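The next block holds one structure in the form of structure tokens; read it before the comments.
So you know, we letter chains A, B, ... as the sequences are listed, proteins then strands, and number each from 1. Model, not experiment: these values are computed from the prediction.
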Amino acid sequence: MLDVRRVRSELDVLKAGLARKGVDPRELDRLAEIDGRHRRLAEQRDTLRAQVKQVSKEVGRLRQAGDLEGVEARMAWSRQVGERERALAVQADEAGAELRDLLLRIPNVPAEDAPDGAGEDDNVVVRHAGPDPEAYAEHQRVPHWEVGAALGILDLERGAKVSGSMFPLFRGAGARLLRALTSWALERHADAFEEVRPPSLVRTAAMVASGQLPKFADEAYHLERDDLWAIPTAEVPLTSVAAGEILAEAELPMRLTAATPCFRREAGAAGRDTRGLIRVHEFDKVEILAYATPDQAPALLGELLERAEALVVELGLAYRVLDICTGDLGQSHARSFDIEVYAPGSGLWLEVSSVSWFSDYQARRADIRYRRRGDGKVEHVHTLNGSALAWPRIWAALVETGRQPDGTVAVPGALAPWFAGATTIGSAL
RNA sequence: GGAGGGAUGGCAGAGCGGCCGAAUGCGGAGGUCUUGAAAACCUCUGGGCGUGAGCCCCGCGGGUUCGAAUCCCGCUCCCUCCGCCA
């Protein structure tokens, strides 16, 4: 969430910044109004409270001295003031709750250098590598759901039987391919990232901290009986690892990586891209995440993007990198880059990674701070994260790109250690 | 799931309803001394809100009271034992 103090000191700057995300400036006026009301009430409450405290101390003293009349008089007075104090406290709390609720819904300010734009059509392609979409051969023009069914490595019907549509079931070499991707990616990040295996079910507080709640509750699976949420991404548990803590600057940047299942209801996307693996309710993903000082953040954003990109390159996929425009940035995001791979059989660019910088927006929600080395001051960290990578869409692109004239699929060289000598899927395995 | 015990500052650990935002020890920072270091001694050392007076925070949320770290209720987490279990 935003720093309320900025609402007081640089309201116009915030309005201008958030206007780039399409936020109505009147939202901020409302925020300023509630903040002012809250502060006035709190001040009045504190004044009364100070009086009660002072008089209460006198009561103690007078009782020691044996002045029972003085005690009675002050207790009566204090009772009255206390009543007014409680009434004001209720009002102040209401205003405080309203303020917090609004604050949790107002998006992060985009970074200066994020490109302007209204929506996804205005995202900027900053890099493009690999064959052009037209350059693929005819045998690569088969969609992955057909390739997968023909080779017996993807069984969407059985997945649907067990859990419903958009719950894929991988078999044989198809399942092995997913496992290989996860192991390989974790090992590729092991040089600088601590591997974590976090819980996949989290408390409401964790969902609020990273920004999924309160706004996007419909997108997440909620286990009502236990009041737990199925994580939509490892970002959620990893961001809350340091929640409520004050880290030492020497610990930063703290880099974490995790492979987890991800669950998404896709409530807003009913009927769109439902074919094959393009949009599913459950998928596996390796996430990389960092806590950093504000100074470290820009370099880390580049580092995370490089890592995600390197994986796509090693898998031999055509891809492009998009600089996400202000109108398409997520609520918590200050800056994001997406990586899309080309799937020649489906004829689609598929988003397989989103690398983002959240400035101190998530850290404020999660209350993650660090103590500066020099002056010992405490301030919020910056958080950054990225997928590296999301596997079902990679699986789709890999199967389509690697399809050979005989219908088998070539195993990417990077994954050879997991395929026991086999170089193709479909023949031997 | 059942029974009991616990939660206090970076850590350990005191705390009678009022003089407790909190003793003491350790740790950390600075200083004196020293050629340097150690030891010793001295000082400082939680977070948040507020322009300020001041206010809030002793796991979290309520309550009792003139006044709550301290009493009452609910919740969470940790430990021990029993049950169940991959």
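Spacing between B/G46 and B/G9 at atom C1', rounded to whole Å, works out to 5 Å. The same atom, C1', is picked in B/G52 and in B/U45; the two are 26 Å apart, to the nearest Å. Taking atom C1' in both B/U65 and B/G18, the straight-line distance is 12 Å, to the nearest Å. Comparing B/G48 with B/C41, their P atoms sit 33 Å apart, to the nearest whole Å. Remark: the separation of the C1' atoms in B/A86 and B/C79 is 24 Å, to the nearest Å. Separation of the C1' atoms belonging to B/C78 and B/C66 is 37 Å when rounded to the nearest angstrom. Taking atom C1' in both B/C58 and B/G21, one finds a spacing of 8 Å when rounded to whole Å. Rounded to whole Å, the C1' atom of B/G6 lies 11 Å from the corresponding atom of B/G59.
Of all nucleotides present, only B/C82 satisfies the Watson-Crick or G-U wobble test against B/G1, with each distance under 3.5 Å. The base-pairing partner of B/C41, taking Watson-Crick or G-U wobble contacts with both distances under 3.5 Å, is B/G31. Remark: B/C49 base-pairs with B/G54. Criterion, Watson-Crick or G-U wobble with two distances under 3.5 Å. Figure legend. B/U76 is base-paired to B/A7; pairs are counted as Watson-Crick or G-U wobble with both atom distances under 3.5 Å.
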Give the intermediate values and the outcome of side chain to side chain contact (heavy atoms under 4.5 Å, CB included) for residues A/Glu27 and A/Arg30.
CA-CA 5 Å; A/Glu27 285 282 288; A/Arg30 217 181 121 220; 4.2 Å; yes
A/Arg335 and A/Asp323: CA distance, side-chain angles, deciding distance, side chain to side chain contact (heavy atoms under 4.5 Å, CB included) verdict:
CA-CA 8 Å; A/Arg335 187 94 197 269; A/Asp323 193 346; 2.5 Å; yes
A/Ser332 vs A/Asn108, test: side-chain hydrogen bond (donor to acceptor under 3.5 Å, both in side chains). Steps then yes/no.
CA-CA 5 Å; A/Ser332 311; A/Asn108 196 6; over 6 Å; no
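Look at CG on A/Asp226: it is 9 Å from P on B/G1, rounded to the nearest Å. The distance between atom CD1 of A/Ile246 and atom C1' of B/G9, rounded to the nearest whole Å, is 11 Å. Distance CD (A/Glu379) to C1' (B/G47): 15 Å, rounded to an integer number of Å. In this structure, CG of A/Leu103 is placed 13 Å from P of B/C49, rounded to the nearest angstrom. Counting to the nearest Å, the P atom of B/C49 and the CG atom of A/Asp35 are 12 Å from each other. Going from atom NZ of A/Lys377 over to atom C1' of B/G46 covers 15 Å, rounded to whole Å. Look at CG on A/Leu247: it is 16 Å from C1' on B/G46, rounded to the nearest Å. Between the CG atom of A/Asp3 and the C1' atom of B/C49 there is a distance of 12 Å, given to the nearest Å.
The nucleotide whose nearest atom lies closest to any side-chain atom of A/Arg5 is, among B/U51, B/C19, B/C49, B/C49.
Using a 30° and 60° split on the angle between ring planes, A/His333 and A/Phe358 fall in the perpendicular class, above 60°. The aromatic rings of A/Phe167 and A/His281 sit tilted relative to each other, their planes meeting at an angle between 30° and 60°.
There is no side-chain donor-acceptor pair under 3.5 Å between A/Tyr319 and A/Glu340. No hydrogens or angles considered: nothing links the side chains of A/Trp395 and A/His144 as a donor-acceptor pair under 3.5 Å. Side-chain atoms of A/Glu400 and A/Ser346 form a donor-acceptor pair, as typed in the model, at a separation below 3.5 Å.
In this structure, A/Gly82 and A/Arg371 both approach RNA chain B, and ranking their closest nucleotides by distance from the 5' end singles out A/Arg371.
Salt bridge absent: A/Glu43 and A/Arg39 never bring a charged side-chain N and a carboxylate O closer than 4.0 Å.
Taking the side chain as every heavy atom from C-beta outward, A/Thr383 and A/Tyr361 never approach each other to under 4.5 Å. Residues A/Asp328 and A/Asp122 have side chains not in contact (no heavy-atom distance under 4.5 Å, counting atoms from C-beta outward).
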Which protein N or O atoms sit under 3.5 Å from an N or O of nucleotides 75-77 of chain B?
| from | atom 1 | to | atom 2 | distance (Å) |
| --- | --- | --- | --- | --- |
| B/U76 | O3' | A/Arg203 | NH2 | 3.2 |
| B/C77 | OP1 | A/Arg203 | NH2 | 3.3 |

Filtered N/O pairs between nucleotides 52-59 of chain B and protein, under 3.5 Å:
| from | atom 1 | to | atom 2 | distance (Å) |
| --- | --- | --- | --- | --- |
| B/C55 | O2' | A/Asp46 | OD1 | 2.9 |
| B/C56 | OP2 | A/Lys53 | NZ | 2.8 |

Please tabulate the protein-to-nucleotide N/O contacts below 3.5 Å involving nucleotides 63-66 of chain B, giving atom names and distances.
| from | atom 1 | to | atom 2 | distance (Å) |
| --- | --- | --- | --- | --- |
| B/C66 | OP1 | A/Arg79 | NH1 | 2.4 |
| B/C66 | O2' | A/Ser56 | OG | 3.0 |
| B/C66 | O2' | A/Ser78 | OG | 2.3 |

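A donor-acceptor contact shorter than 3.5 Å links the side chain of A/Thr233 to the backbone of A/Glu235.
Contact detail for A/Lys215 and A/Pro107: the closest heavy-atom pair is NZ-CG, 4.3 Å.
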